[in-house]
Amino acid sequence: MTSMQSLKTAGGDRVAIVAGLRTPFAKQATAFHGVPAVDLGKMVVNELIAKHDLDPALIEQLVFGQVVQMPEAPNIAREIVLGTQMNVSTDAYSVSRACATSFQSTVNVAESILLGNIDVGIAGGADSTSVTPIGVSKKFARTLLDLSKAKTFSQRMKLISSLKFKDILPVPPAVAEYSTGLSMGQTAEQMAKTHQISRQAQDELAHRSHTLAAKTWASGVLGDEVMTAHPEPFDRFIDKDNCFRENSELAGYARLRPVFDRKHGSVTAANSTPLTDGAAAVLLMRESRAKELGYNILGYIRSYAFSAIDVWEDMLMGPSYATPMALKRAGLNLSDLDLIEMHEAFAAQALANIKMFASTKFAREKLGQDKAIGDIDMDKFNVLGGSLAYGHPFAATGARLITQTLNELKRRGGGLGLTTACAAGGLGAAMILEVE
Ligand SMILES: CC(=O)SCCNC(=O)CCNC(=O)[C@H](O)C(C)(C)COP(=O)(O)OP(=O)(O)OC[C@H]1O[C@@H](n2cnc3c(N)ncnc32)[C@H](O)[C@@H]1OP(=O)(O)O
């Protein structure tokens, strides 16, 4: 059921986003090699507090997430509280919604404010694809347990001799769907085929994304929302993302071979998001509390929605399902929006969603509505470049999109912006933001 959302507290306050910050995003095994997600999270939250002169005692809740879990620190939010200047009594818990994780953490803090439980909270997400839990095969894990219970030498020998070489090889985490075994890249290939997205169109979108991101970095506007990082105890310094190409050339894209379907595919390293390390966070407050504390408000959450579809086919369609829900909840049409910020997991996925936004057939058959969501005006779409160029530290992307959209709306003198993402599990997230 989709009805209007009124995102106001009992006292009539809106949910204000006061600020957002992220670490630079670094390609796997580069600047943040060896830095776990929890440390990236601590870095960004500490800096967010310091940069905005926030008394840590005022923060009543921290909701955070990470997609690639660290088994030794399953509640990353609580570890961040304990590892920063925050009061130990600060409520902290972790959420997971795959690539839409920091949309979820932002909504959780917003809901706490709306319910009157808190006035000030921080939400965000962090991921490291460089520090990952390397596991063992199920057979090896089971044998190790049985070995610990074996009573005789011959029982132990029997168990050990049952193992083959492949059973003892380490198992890295897969960027794949648990129930289907399909990687995200294979799903992107499915989507390219179903929606007839050409290799040329994918490469052009990726080239556009890199070109816009390079231009944006060169303009200096990201300096305010991306911290410089010098992760202790690592003797390195990084002051900007290192995924985007300074001099992207379309001709270079065509040379690459497809990765996920080597024979008939079109998804390559250049039109996919790179595996990335990074963290992002947003500071939320009840509107009048923010004003009382003397903060300038960046913007407000106007509506949000999450959607879910089946995972066997074309499951990265989240924006096409969550966006109409968020629009209805805000009482808006697509054409009312000034900016559309869509997570680019793969160029094929973003282009398939753009196509379905414009499709009346899709609207009728999948959304149960007569009219298409609307044609996306590309002058409003990912105007600063997207995840293909910035990278995609899974749990941090939502908070990056929210912060980047609010800042860009502010620079344009205000307006309405959509942020939306697909996520594993067939999930989708959409949030409409307003800047006055
Ligand atoms: C909901 C969701 O968000 S789902 C999405 C979740 N995320 C994912 O699934 C991650 C998908 N991405 C990946 O798995 C990896 O990035 C891969 C497998 C696609 C590519 O990995 P790698 O092969 O390590 O990529 P790498 O960066 O080395 O690039 C391979 C080559 O392409 C080239 N290349 C990459 N980008 C570009 C570009 N924009 N232009 C030209 N060449 C490029 C590189 O220079 C490199 O060339 P080289 O081998 O001559 O040095």
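Throughout, residue positions are numbered sequentially from 1 according to the sequence presented. Start at 1 and go down the list; that is how both ligands and their atoms are numbered.
Taking only non-hydrogen atoms, the option from Ala269, Ala29, Cys99, Gly428 nearest to atom 1 (C) of ligand 1 is Cys99. Of the candidates Gln28, Glu177, Arg245, Arg245 brings a heavy atom nearest to atom 42 (N) of ligand 1.
Within ligand 1, counting atoms from 1 as listed, the ones closer than 4.0 Å to a heavy atom of Phe394 are 6 (C), 7 (N). Short contacts between ligand 1 and His392, defined as distances under 4.0 Å to a heavy atom of the residue, involve ligand atoms 2 (C), 3 (O). Per-residue contacts place Thr273 under 4.0 angstrom from the following atoms of ligand 1 (heavy atoms of the residue considered): 7 (N), 10 (C), 11 (C), 12 (N), 16 (O).
Ligand 1 is approached by His343 to a heavy-atom distance shorter than 4.0 Å. Using 4.0 Å as the threshold, Lys27 has a heavy atom nearer than that to some atom of ligand 1. Distances from ligand 1 to the non-hydrogen atoms of Gly185 include no value under 4.0 Å. Residue contact annotation: Ala423 has a non-hydrogen atom under 4.0 Å from ligand 1. Close to ligand 1: Cys422, with a non-hydrogen atom less than 4.0 angstrom away.
Atom 17 (C) of ligand 1 is not flagged as protein-proximal [any protein heavy atom, distance under 4.0 Å]. Closer than 4.0 Å to atom 32 (O) of ligand 1 lies at least one heavy atom of the protein. Under the 4.0 Å distance rule, the nearest protein heavy atom to atom 48 (P) of ligand 1 falls outside the cut-off. At a distance under 4.0 Å, a protein heavy atom can be found next to atom 12 (N) of ligand 1. Within a 4.0 Å radius of atom 24 (O) of ligand 1, the protein has no heavy atom. By the definition of a contact as any protein heavy atom under 4.0 Å away, atom 21 (O) of ligand 1 is not in contact.
Neither the backbone nor the side chain of His207 has a heavy atom within less than 4.0 Å of ligand 1.
Remark: the Thr276 side chain and the His392 side chain contain no N/O donor-acceptor pair separated by less than 3.5 Å. Remark: the Thr84 side chain and the Asn46 side chain contain no N/O donor-acceptor pair separated by less than 3.5 Å. For the residue pair Ser387 and His343, a side-chain donor N or O sits within less than 3.5 Å of a side-chain acceptor on the partner. Gln104 and Tyr304 share no side-chain donor-acceptor pair at under 3.5 Å.
In this structure a side-chain-to-backbone donor-acceptor pair under 3.5 Å is missing from Thr323 to Ser320. Judged by distance alone, with hydrogens and angles left aside, the side-chain atoms of Glu344 form a donor-acceptor pair with the main-chain N or O of Leu388 at under 3.5 Å.
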